[in-house]
Peer 1: 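Structure below; questions to follow.
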Amino acid sequence: MLDLQEMRTLLALGEELHFGQAARRLGVSQSRVSQTLRDVERRIGGRLFERTSRQVRLTGLGASLIDRLKPLYQEMATVYSDTVAQARGVDGRLRLGFTGAAGGAYASGLIRAGRAYAPECDITLHEVACSDLLGPLRRGEVDVLVVRLPIEEPDITVGPVIGLESRLLAVALDHPVAERQSISIEEIAHETVFALANTAPDYWRDFHVPLATPGGHPLRRGQEVQTCQEILSLVAAGKGVAPLAESVARYYAQPDVAFVRIHDLPPAPVTLIWRTAEENARIRALAECAARMADTAVPGAARRRLPAPARA
């Protein structure tokens, strides 16, 4: 009988008809390919390849064997792959939610990482309205959500931090600070900021649009808004200013709005969250991908690393 490695060697050599190229394809030495072929031919009792200093050719016996081995090997590879997927528990669909173009950029990166780490997991993308931040997750419309912290809900697990975003102030072009490189949040005391729709937790809204400066100076609440485009349109019209995360400026920039860095507000972490009771191998696999992304994207940031799914 042939073992799996012998089958792979024969098939590679039958396609390449070159010992060196077959060895590179298999990731082994050329002598290993030659030794494997000699062992197989000895057990079979016949030559499978004719070898000269100039070329390698299949014999009639070898061609017959290769033709019959190909479908058998493909079937064995499929059975093995399916078994690994079942053992890992990551085959199936995972619905990944995100908010706006900024969240979509993080989500697309996660899909690429997930495809490499667990290709048997089908990750689908679903945009979540900013005005209903946690609703789709709690209603079971998405399995995992890319979101900015803070999230402090007893039924929700917070995963690895995959981004840290500086805080910027969006102002109209004729605002007195529009030409500044940076600003203190204290300098916008008594300015009007826009009230975020109340479907997000109060602590989340207060972090991203503070009720007052750290020094205790109040910020006036203006019109309630639900989308980034609404916020920036009101800013451009001179109706107020808006503290925002830096990715908003990157993906929603418009010519009549300036963005000034706020140097004394903490950065906004971006992470994955999911319903604790619904955690499964697919979610853990995506969280592991997020943790690997964070290793380079957020050096030194605090993050929770989950155990990878068991491998066969």
Side-chain angles (χ1 to χ4, degrees), residues 99-103 105-106 128-135 146-153 158 161-271 273 298 300-302:
T99 56
Y106 288 106
V128 170
C130 295
S131 59
D132 190 17
L133 187 65
L134 300 180
V146 176
V147 69
R148 293 186 186 91
L149 294 178
I151 296 294
E152 301 169 359
E153 302 295 295
V158 176
V161 171
I162 57 177
L164 284 175
E165 299 193 354
S166 299
R167 310 285 286 284
L168 307 178
L169 185 70
V171 299
L173 290 183
D174 59 356
H175 192 282
V177 305
E179 300 296 326
R180 297 266 297 274
Q181 293 296 312
S182 69
I183 189 175
S184 166
I185 189 66
E186 301 294 342
E187 295 181 66
I188 67 166
H190 310 299
E191 290 268 12
T192 296
V193 295
F194 305 105
L196 298 177
N198 61 6
T199 53
D202 289 345
Y203 61 81
W204 189 92
R205 288 182 287 134
D206 292 345
F207 176 87
H208 290 281
V209 184
L211 290 169
T213 71
H217 300 102
L219 298 173
R220 291 193 297 268
R221 282 289 190 264
Q223 176 181 329
E224 184 177 283
V225 293
Q226 298 193 16
T227 69
C228 290
Q229 196 57 55
E230 283 182 350
I231 294 172
L232 294 179
S233 296
L234 288 166
V235 167
K239 301 288 286 183
V241 300
L244 297 168
E246 64 176 306
S247 62
V248 175
R250 186 180 311 124
Y251 291 99
Y252 294 93
Q254 54 189 62
D256 48 1
V257 174
F259 294 92
V260 183
R261 187 173 67 88
I262 305 172
H263 59 250
D264 52 358
L265 282 185
V270 181
T271 186
I273 62 172
V298 194

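Counting from 1, the numbers follow the sequence of the chain as shown. Computed from heavy atoms alone, side chains included, the values below leave out hydrogens, waters and symmetry copies.
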Peer 1: Taking the side chain as everything from C-beta on, heavy atoms only, tell me whether P266 gets closer than 4.5 Å to R167.
Peer 2: yes
Peer 1: Could you grab the distance from atom CG of D264 to atom CD1 of I183, nearest 0.5 Å is fine?
Peer 2: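 Going from the CG atom of D264 to the CD1 atom of I183 covers 9.0 Å.
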Peer 1: Counting only heavy atoms not in Q181, do more than 12 sit closer than 6.0 Å to its CD atom?
Peer 2: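 Counting neighbours around CD of Q181, 12 or fewer heavy atoms of other residues, nucleotides or ligands fall under 6.0 Å, so no.
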Peer 1: Output yes when R250 and E165 qualify as a salt bridge under the 4.0 Å nitrogen-oxygen rule, no when they do not.
Peer 2: no
Peer 1: If you measure from CZ on R220 to OG1 on T192, what distance do you get to the nearest 0.5 Å?
Peer 2: 4.0 Å
Peer 1: What's the separation between atom CD in E187 and atom NE2 in H263, rounded to the nearest 0.5 Å?
Peer 2: 6.5 Å
Peer 1: From K239 NZ over to I231 CD1, what is the distance, rounded to the nearest 0.5 angstrom?
Peer 2: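 Taking NZ in K239 and CD1 in I231, the distance rounds to 15.5 Å.
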Peer 1: Would you call V147 and T271 a side-chain contact if the rule is heavy atoms closer than 4.5 Å?
Peer 2: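 The answer is yes, as the side chains (C-beta and beyond) meet within the 4.5 Å cut-off.
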Peer 1: Can you list every ring-ring contact (aromatic ring centres under 6.0 Å, His included) pair that touches residues 207-230, not counting sequence neighbours?
Peer 2: W204-H208
Peer 1: About how many Å separate OG1 of T99 and CG of D132, when rounded to the nearest 0.5 Å?
Peer 2: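 Separation between the atoms: 11.5 Å.
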Peer 1: What are the two closest heavy atoms between D206 and R221, and how far apart are they?
Peer 2: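 Smallest heavy-atom distance, with atoms named: OD1-NH2, 4.0 Å.
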Peer 1: Over all heavy atoms of both residues, which pair between P243 and P210 is shortest? Give the atoms and the distance, please.
Peer 2: CG-CD, 4.4 Å
Peer 1: If you apply the rule side chain to side chain contact (heavy atoms under 4.5 Å, CB included), what do you find for I188 with I262, and how did you get there?
Peer 2: CA-CA 10 Å; I188 67 166; I262 305 172; 5.6 Å; no
Peer 1: Roughly how far, to the nearest 0.5 Å, is CG of D256 from CG of L232?
Peer 2: 8.5 Å
Peer 1: Are V241 and V193 side-chain neighbours, meaning at least one heavy-atom pair lies under 4.5 Å?
Peer 2: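 Contact flag for V241/V193 side chains = yes.
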Peer 1: State, with a plain yes or no, whether a side-chain heavy atom of T213 is found less than 4.5 Å away from one of L219.
Peer 2: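 Answer yes - side chains close enough.
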Peer 1: Can you tell me if E230 and Q223 form a side-chain donor-acceptor pair at under 3.5 Å?
Peer 2: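 Checked: E230/Q223 side chains show no N/O donor-acceptor pair below 3.5 Å.
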Peer 1: Quick one: does P269's side chain get under 4.5 Å of R148's, heavy atoms only?
Peer 2: no
Peer 1: Please find the pair of heavy atoms, one from Y203 and one from P150, that lie closest to each other, and give the distance.
Peer 2: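 Looking at all heavy atoms of both residues, the shortest contact is CE1-O, 3.3 Å.
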Peer 1: Please assess F259 against L244 for the test side chain to side chain contact (heavy atoms under 4.5 Å, CB included), listing each intermediate value before the final yes or no.
Peer 2: CA-CA 9 Å; F259 294 92; L244 297 168; 4.0 Å; yes
Peer 1: With heavy-atom distances below 4.5 Å as the criterion, would you say the side chains of H175 and V235 are in contact?
Peer 2: no
Peer 1: Could you check if a side-chain atom of I151 sits within less than 4.5 angstrom of a side-chain atom of L134, using non-hydrogen atoms only?
Peer 2: yes
Peer 1: Search all heavy atoms of L133 against all heavy atoms of V128 and return the closest pair with its distance.
Peer 2: O-CG1, 3.8 Å
Peer 1: So which heavy atom on A258 is nearest to which on A178, and how close?
Peer 2: CB-O, 3.8 Å
Peer 1: Can you name the nearest heavy-atom pair linking F194 to A242, along with the distance?
Peer 2: CD1-CB, 4.3 Å
